[in-house]
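Numbered from 1 within each chain, the chains take letters A, B, ... in sequence-line order.
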Number of protein chains: 2
Amino acid sequence: MSSYPPFAVTVDLVVLTVQGDELSALLVRRGVPPYEGQWALPGGFVDIDEDLVDAAVRELSEETGLVDPAGHLEQLGTYGTPGRDPRGRVVTVAYLALLPDLPAPVAGSDAASAQWQPVSRLSEGDLAFDHDRILTDGLERARAKLEYTPLAAAFCPAEFTIAQLRAVYETVWQTRLDPRNFHRKVTGTPGFVESTGRVTEGDRGRPAQLFHRGPASLLYPPMLRPAAE
Amino acid sequence: MSSYPPFAVTVDLVVLTVQGDELSALLVRRGVPPYEGQWALPGGFVDIDEDLVDAAVRELSEETGLVDPAGHLEQLGTYGTPGRDPRGRVVTVAYLALLPDLPAPVAGSDAASAQWQPVSRLSEGDLAFDHDRILTDGLERARAKLEYTPLAAAFCPAEFTIAQLRAVYETVWQTRLDPRNFHRKVTGTPGFVESTGRVTEGDRGRPAQLFHRGPASLLYPPMLRPAAE
DNA sequence: CAAATAGTGTCTCTGAGACAGTATGAG
DNA sequence: CTCATACTGTCTCAGAGACACTATTTG
């Protein structure tokens, strides 16, 4: 092995959640150079005997304090352009995590320096390294996947109403959906959601049925994102 | 950098083409351990100052002899489970390449040991390392992308007929499509194909118009893969 | 001429979107 | 009661699939 070019390998995480009517990403403020004091995606070096996804789960739990939160984690892509990290040749494997709005948003060991930031307030150049690009790719992946997978439910608590699920779509896509057609579509797509029999109480208006995620991994027919203009 | 765990980084390529009515992948026979004598995906180590995609392009041209073939290349995913390579901790970034059927299929420096193999004849365990898995992932990616992108044209020569394009779909999806509806759908989807004004000659039947790829990067509405049964 | 392939017209059915109308809660 | 939200029914239009039909070549 010593004859092969030595690389460092990191994982970085695009962690998204829906808070109120904002799509937010988990960011950490860097405490050490390079890019000291700037915001960055959470992440870190992969141990030499650690699987990539395990490193991602470890970093996620270190940053959020949550062990196995009931969301979604998938590989996003790998970024390894020479010079992307001034410390040397670092290849980073980016992961995308979608989480429900957490009771205690960030409670890990690095809590002081980590916080949720609405993606609408971020602009090119705000983040360290090439993390702007990675975040942009993660957002586009998330938006695309809402169309043909039931992943919107990953942003919701274990039990949720159709209106909550609709709010996820509206927030992530920055669009308005007709509540009546949305209801019919979601409940009519096999395997998307399953009724729990329970209903909400104490809200305004008629109580809503509570659902949990169905068994489908692909939506057929897909949810259609209104065409951009 | 010396304080970070040292990894080796490779690129591996899932190179697909359509030959006759078969979807084939480019495989190389390994000449050195580990897995000496077994078939594997083409690939190799990334140079310490080389971009990942450049390494993929370099390996592709070394194996096929073609510089910038008019196909498609995209990152597929990264595989880095400890133990996947007996030589040590090797993380590989897999790329997916879609190429038109080449006049001289494989004419690179490693030509003797490289050849196209129909994917239908390959089964679990045929390939070295975790390349079975990578190939499977590449196939699924290719099949999915035909639905919502114009990538089928990457399997065709620069100018092609609607029937040739249909043959790509039928081969990759292992299905039959109605020639008449297919024709209407493809020519009616904005930006998918553009007429060259030329027609074929010398074939049986009425001459067909020749098209080249249109400017669209996403098909709307998408091509629908017949539901699996 | 027949056979083969290219391309068009038209019907039916499904599903998306618009939106009226009904159900059931809080105040 | 009013208001708000949940949910259902129904209409219209676009597009997928089935398939009859026309067009243009080779032999």
From [options], nucleotide with atom closest to [X] side chain:
X	options	value
A/P207	C/dG25, D/dA6, D/dT25	C/dG25
B/Q209	D/dT5, C/dA16, C/dG7	C/dG7
B/A208	D/dC7, C/dG7, C/dG15	C/dG7

### Task
Classify the side chain of B/R206 versus the base of C/dA6 as yes if they form a donor-acceptor pair under 3.5 Å and no if they do not.
yes

### Message
Suppose we call a contact any N or O donor and acceptor under 3.5 Å apart; does that hold for the side chain of B/N181 and the base of D/dA18?
### Response
yes

Between [N] and [X], is there an OP1 or OP2 to side-chain N/O distance shorter than 4.0 Å?
X	N	result
B/R204	D/dT25	no
B/K185	D/dG15	no
A/H183	D/dC7	yes

Protein-nucleotide distance ([X], atom [atom1]; [N], atom [atom2]), rounded to Å:
X	N	atom1	atom2	result
B/D178	D/dC19	CG	C1'	8 Å
A/M223	C/dG15	CE	P	14 Å
B/L224	C/dT14	CG	P	15 Å
A/L210	C/dG25	CG	P	14 Å
A/E147	C/dA16	CD	C1'	14 Å
B/E201	D/dT25	CD	C1'	12 Å
A/R184	D/dC11	CZ	C1'	11 Å
B/Y169	D/dG17	OH	P	13 Å

#### Entry: All pairs passing side-chain hydrogen bond (donor to acceptor under 3.5 Å, both in side chains) where residues 209-223 of chain A contributes a residue, at least two apart
A/S195-A/Q209

### Task
Kindly state each residue pair satisfying side-chain hydrogen bond (donor to acceptor under 3.5 Å, both in side chains) with at least one member in residues 148-160 of chain A, sequence neighbours excluded.
A/E159-A/R198

### Message
Need one value for A/R180: base, sugar-phosphate or nothing, where a base atom within 4.0 Å counts as base even if backbone is also close, heavy atoms only.
### Response
base

### Query
Only one of B/L27, B/V28, B/D132 clears side-chain contact (heavy atoms from CB on, under 4.5 Å) with B/L41; which?
B/L27

### Query
Is the number of heavy atoms from other residues, nucleotides or ligands within 6.0 Å of CZ (A/R143) greater than 12?
yes

### Task
Could you check B/G205 against A/P222 and say which one's nearest nucleotide on DNA chain C is further toward the 5' end?
B/G205

#### Entry: Ring-ring centroid check B/F211 B/F192, cutoff 6.0 Å
no

